[in-house]
Amino acid sequence: VTVVNDYRYRGMTQSNYKPAIQGGFDYAHESGFYIGNWNSSISWISDGYDTGATGRNVSAPLEMDFYAGYKTELLGKGQVTDVGILQYYYPSNGIRQAVQNTTNCGTTSRATCGTNPNTTELYLAQNFAYGPVSGFAKVSYSITNIFGYYNSKGSYYPDLTLNYDTGVMGLTLNAHVGYQYISNTQTSGGIKYDFSYTDYKLGITKDFGGGLSANISYVGTDAKSVGGT
């Protein structure tokens, strides 16, 4: 169970820069197969609707992730290869179910035309550890539209995470970089609407023992604002 002052995912706030509570559980079999669930409070879906303009009261306060996969030390002891499938599910009501086509869901409205935000991704990850340095490289590939973007099946997200155990006072330095590619870039009136972006994170984690830890991080992206600028 975790409490955070802002839920960031792939560099983007999911809770409008406000606190979120999160938690989940896993079951792992000795064969390497596992299944799990993780949940967080969110607001990004309902935040995207102006109830005064749309007359809609959209409720979507929760993200529920369900996943299953297989882990094995394919490359050697402690070098864990992980392959699986992940379903992001957002219990919601009041979302406009528009007819989704290039006319009403293209260009700037790609992420706001009522596309179902539920997303299914396949992923492949490789963990590694060399002395005080550990981390993982991962690539995720969407087999559905991704997070409500119209015509975005086939989007992908490669990312790299590195951790360095300083050996001092239970402190570990953290670094992360990823690239969220949104497929099928739209162009209208000579303007290119590219929703792809890079995200990054630098942080430090303190281990207090007994399963208790705390982290502080600086998170950023190069995502463009609405209008392609």
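No experiment lies behind these values; they were computed from the predicted model shown. Because only heavy atoms are used, hydrogens play no part in the values below, and waters and symmetry mates are left out as well, while side chains stay in.
Separation of atoms CG (Asp207) and CG (Leu171) is listed at 9.5 Å; rounding is to 0.5 Å. Rounding to the nearest 0.5 Å gives a distance of 9.5 Å between CG of Leu62 and CD1 of Ile45. How far OG of Ser134 is from CG of Leu162: 8.5 Å, rounded to the nearest 0.5 Å. Here the straight-line distance linking atom OG of Ser140 with atom CZ of Arg10 works out to 5.0 Å at 0.5 Å rounding.
Aromatic pair Phe195/Tyr149: centroids less than 6.0 angstrom apart. Centroid-to-centroid, the aromatic rings of Tyr88 and Phe147 come within less than 6.0 Å.
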Discussion item. side-chain contact (heavy atoms from CB on, under 4.5 Å) for Lys201 and Tyr218? Distances and angles first, verdict last.
Written reply: CA-CA 6 Å; Lys201 180 179 79 170; Tyr218 176 81; over 6 Å; no
Practice prompt. Applying ring pair (Phe, Tyr, Trp, His ring centres under 6.0 Å), run through Tyr90 and Trp44 and close with a yes or a no.
Written response: CA-CA 11 Å; Tyr90 302 94; Trp44 68 270; 5.5 Å; yes
Practice prompt. Please lay out, stage by stage, how Tyr67 and Ile35 fare under the test side-chain contact (heavy atoms from CB on, under 4.5 Å).
Written response: CA-CA 6 Å; Tyr67 47 89; Ile35 189 170; over 6 Å; no
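Using a distance-only test at 3.5 Å, with no hydrogens or angles considered, a donor-acceptor pair links the side chain of Ser183 to the main chain of Lys153. Proximity of a side-chain donor or acceptor of Ser142 to a complementary backbone N or O of Glu121 within less than 3.5 Å is not detected. A side-chain donor-acceptor contact under 3.5 Å links Thr221 to the backbone of Ala223. Thr161 contributes no side-chain N or O that, together with a main-chain N or O of Gly135, makes up a donor-acceptor pair within less than 3.5 Å. For the pair Gln180 (side chain) and Gly178 (backbone), a donor-acceptor distance under 3.5 Å is absent. A donor-acceptor distance shorter than 3.5 angstrom exists from the side chain of Ser152 to the backbone of Ile146, with no hydrogens or angles considered. Of the possible donor and acceptor atoms, one in the side chain of Asp222 sits under 3.5 Å from a partner among the backbone N and O of Thr198. When atom types are taken as modelled, the side chain of Asn39 and the backbone of Gly23 share a donor-acceptor pair closer than 3.5 angstrom.
Under the side chain to side chain contact (heavy atoms under 4.5 Å, CB included) criterion, Asp6 pairs with Arg8, Thr13, Ser15, Tyr17, sequence neighbours left out. With sequence neighbours excluded, no residue satisfies side-chain hydrogen bond (donor to acceptor under 3.5 Å, both in side chains) with Asn16.
Minimum heavy-atom separation, Gly78 to Glu73: N-OE2, 3.0 Å. Closest approach of Val3 to Ile21, counting heavy atoms only: CG2-CG1, 4.4 Å. Counting all heavy atoms, side chain and backbone alike, Ala28 lies closest to Tyr34 at CA-CB, 4.0 Å.
Within 6.0 Å of NZ on Lys206 lie more than 12 heavy atoms contributed by other residues, nucleotides or ligands. In Leu212, the CG atom is crowded: over 12 heavy atoms of neighbouring residues, nucleotides or ligands sit closer than 6.0 Å.
Phe66 and Leu122 fall into different hydrophobic clusters, where Ile, Leu, Val, Met, Phe, Trp and Tyr are joined by side-chain heavy atoms under 4.5 Å apart, directly or via other members. Linking ILVMFWY residues whenever their side-chain heavy atoms come closer than 4.5 Å, directly or via other members, leaves Leu74 and Tyr130 in distinct clusters. Under the 4.5 Å side-chain heavy-atom criterion for grouping Ile, Leu, Val, Met, Phe, Trp and Tyr, Leu124 is not connected to Leu86 through any hydrophobic cluster. Linking Ile, Leu, Val, Met, Phe, Trp and Tyr whenever their side-chain heavy atoms come within less than 4.5 Å puts Trp38 and Val4 in one cluster. If you chain together hydrophobic residues whose side chains sit under 4.5 Å apart, Ile204 and Val168 fall into the same group.
Asn215 and Asn174 form a side-chain donor-acceptor contact under 3.5 Å, judged by distance and modelled atom types alone. Gln22 and Thr2 form no side-chain donor-acceptor contact under 3.5 Å, judged by distance and modelled atom types alone. For the residue pair Asp165 and Asn163, no side-chain donor N or O sits within less than 3.5 Å of a side-chain acceptor on the partner.
The side-chain heavy atoms of Val219 and Tyr200, taken from C-beta on, include no pair separated by under 4.5 Å. Between Asp82 and Asn127, every side-chain heavy-atom pair lies at or beyond the 4.5 Å cut-off. Looking at heavy atoms from C-beta onward, Pro91 lies in side-chain contact with Met64 at the 4.5 angstrom threshold. Leu75 has its side chain within reach of Gln126: a pair of non-hydrogen atoms, C-beta onward, lies under 4.5 Å apart. Using a 4.5 Å heavy-atom threshold, the side chains of Met12 and Tyr7 count as separate. Side chains of Phe136 and Leu160 form no contact here, defined as non-hydrogen atoms less than 4.5 Å apart. When side chains are defined from C-beta on, Lys18 does not count as touching Ser41, because their heavy atoms never get closer than 4.5 Å. Between Leu173 and Thr205, every side-chain heavy-atom pair lies at or beyond the 4.5 Å cut-off.
Sorted by first and then second residue, the ring pair (Phe, Tyr, Trp, His ring centres under 6.0 Å) pairs with a member in residues 156-181 read Tyr156-Tyr181; sequence neighbours excluded.
Of the candidates Thr120, Asp65, Thr119, Gln87 forms a side chain to side chain contact (heavy atoms under 4.5 Å, CB included) with just one, namely Thr120.
Using a 4.0 Å cut-off between charged nitrogen and carboxylate oxygen, Lys71 and Glu30 do not count as a salt-bridge pair.
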